[in-house]
Amino acid sequence: MAIKPKIIISSLDAIRLEKLMDALPDSTFPDKDDLEAELARAEVVDPKEIPSTVVTMNSTVRFRIESTSQEFYLTLVYPKDVNTRGGTISILAPVGSALLGLSQGDEIEWPKPGGGVLQVHIEEVTYQPERSGEYLR
């Protein structure tokens with residue numbers, strides 16, 4: 001079993017995510033246990049103490065696919081903010097749950113359509129609300 005990287009989340013994100021999970025019936029969120037496990041192992045800090053390179057809620061991240069060096073951007077959002085035209089990933093998606101709290105330089109296994117996984121590298125957190133002083137987003 002691979003060692004999971006250290007994750008850091010803000011106390012505001014932790015509170016908001018716990019409220020979101022409490023409001024969702026288990027039948028509509030089959031990966032609830034995975035997100036709860038991520039939150040349980042996270043170091044929770046005041047939003048003003050979040051390092052600027054950590055993926056928080058509403059952060060935009062530049063990724064690189066290891067095998068092709070192709071880059072793409074996504075913003076980690078709450079379900080109500082998912083853009084159906086792309087550019088966002090819900091915290092309720094397995095990959096979204098796994099992204100929360102990771103840092104620039106970390107890698108993640110990304111499921112490929114049709115099966116298999118890609119190794120994806122977090123190149124840069126291009127926007128982070130906490131770094132911009134936005135705590136009530």
Side-chain angles (χ1 to χ4, degrees):
M1 183 171 150
I3 296 174
K4 293 186 176 196
K6 174 183 161 184
I7 61 173
I8 302 170
I9 64 172
S10 80
S11 56
L12 283 176
D13 283 349
I15 290 166
R16 290 177 182 138
L17 290 168
E18 287 170 7
K19 286 180 182 177
L20 174 65
M21 288 187 302
D22 288 345
L24 292 173
D26 290 345
S27 61
T28 63
F29 184 23
D31 297 310
K32 185 176 184 177
D33 290 344
D34 293 337
L35 181 53
E36 286 176 340
E38 289 295 293
L39 293 175
R41 74 181 190 86
E43 177 184 350
V44 179
V45 301
D46 184 273
K48 293 177 181 172
E49 302 300 318
I50 288 280
S52 64
T53 57
V54 170
V55 180
T56 63
M57 291 305 300
N58 300 303
S59 290
T60 301
V61 180
R62 180 171 54 97
F63 299 94
R64 180 177 41 85
I65 300 171
E66 290 294 326
S67 60
T68 65
S69 294
Q70 177 186 356
E71 292 189 350
F72 63 99
Y73 293 79
L74 286 174
T75 301
L76 181 62
V77 298
Y78 294 96
K80 67 179 180 58
D81 298 320
V82 170
N83 183 335
T84 56
R85 291 175 282 152
T88 58
I89 187 163
S90 172
I91 186 64
L92 300 184
V95 172
S97 296
L99 281 175
L100 182 67
L102 293 180
S103 298
Q104 286 177 187
D106 287 339
E107 289 189 0
I108 187 170
E109 289 188 344
W110 202 282
K112 292 187 338 189
V117 294
L118 296 170
Q119 283 300 119
V120 176
H121 188 262
I122 298 173
E123 289 290 306
E124 179 183 11
V125 177
T126 61
Y127 169 76
Q128 182 202 67
E130 291 82 1
R131 182 171 65 212
S132 298
E134 298 175 29
Y135 302 106
L136 301 175
R137 74 241 181 288

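Hydrogens, waters and symmetry mates play no part in the numbers below; they use all other heavy atoms, side chains included.
When all heavy atoms are compared, the tightest approach of Asp46 to Lys48 is OD1-N, 2.9 Å. Taking both residues in full, the closest heavy atoms of Pro129 and Ser59 are given as CD-OG, 3.8 Å, listed atom of the first, atom of the second, then distance. Of all non-hydrogen atoms in Pro111 and Val117, the two that sit nearest each other are CA-CG1, 4.2 Å. When all heavy atoms are compared, the tightest approach of Leu24 to Leu92 is CD1-CD1, 3.6 Å. Between Ala14 and Ile9, the shortest heavy-atom distance links the atoms CB-CD1, 3.8 Å. Closest approach of Val54 and Ser103 over heavy atoms only: CG2-OG, 3.5 Å.
Separation of atoms CG (Leu99) and CG (Leu74) is listed at 8.0 Å; rounding is to 0.5 Å. Atom-to-atom distance recorded for Leu76:CG and Asn58:CG is 7.5 Å, nearest 0.5 angstrom. With rounding to the nearest 0.5 Å, the separation of CZ in Arg41 from NZ in Lys6 is 11.5 Å. To the nearest 0.5 Å, the span separating CG on Asp13 from CG on Leu20 amounts to 11.5 Å. Taking CD1 from Ile108 and CD from Glu66, the interatomic distance works out to 12.5 Å, rounded to the nearest 0.5 Å. The structure places OG of Ser90 at 11.0 Å from NZ of Lys80, a figure rounded to the nearest 0.5 Å.
Linking ILVMFWY side-chain heavy atoms closer than 4.5 Å, directly or via other members, places Ile50 and Leu17 in two distinct hydrophobic clusters. Val82 and Val95 are members of different hydrophobic clusters when ILVMFWY side chains are connected at heavy-atom separations under 4.5 Å. The hydrophobic clustering, which links ILVMFWY residues whose side-chain heavy atoms are closer than 4.5 Å, places Val125 and Ile89 together. Note on Val45 and Leu102: separate hydrophobic clusters, where clusters join Ile, Leu, Val, Met, Phe, Trp and Tyr whose side-chain heavy atoms are under 4.5 Å apart, directly or indirectly. Val61 and Val77 are not part of a single hydrophobic cluster, where members link through side-chain heavy atoms under 4.5 Å apart.
Between Phe63 and Phe72, the ring-plane angle classifies as parallel under the 30° and 60° cut-offs.
Using a 4.5 Å heavy-atom cutoff, the side chains of Ile122 and Thr53 are not in contact. Side-chain contact between Ile7 and Glu38: present, with at least one pair of heavy atoms (C-beta onward) separated by less than 4.5 Å.
At least one donor-acceptor pair under 3.5 Å links the side chain of Thr126 to the backbone N or O of Thr60. A donor-acceptor pair under 3.5 Å links the side-chain atoms of Arg131 to the main chain of Ser52, judged by distance alone.
With sequence neighbours excluded, the residues satisfying salt bridge (charged side-chain N to carboxylate O under 4.0 Å, His left out) with Glu124 are Arg62. Shown here are the side-chain hydrogen bond (donor to acceptor under 3.5 Å, both in side chains) partners of Gln119, two or more places apart in sequence or in another chain: Glu107.
Side-chain N/O atoms of Glu130 and Thr56 include a donor and acceptor closer than 3.5 Å.
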Q: Please assess Glu18 against Arg16 for the test salt bridge (Lys or Arg N to Asp or Glu O under 4.0 Å), listing each intermediate value before the final yes or no.
A: CA-CA 6 Å; Glu18 287 170 7; Arg16 290 177 182 138; over 6 Å; no

Q: Applying side chain to side chain contact (heavy atoms under 4.5 Å, CB included), run through Asp81 and Thr88 and close with a yes or a no.
A: CA-CA 8 Å; Asp81 298 320; Thr88 58; over 6 Å; no

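Shown are Ile8, Val55, Leu39; of these, the side-chain contact (heavy atoms from CB on, under 4.5 Å) with Leu100 is made only by Leu39.
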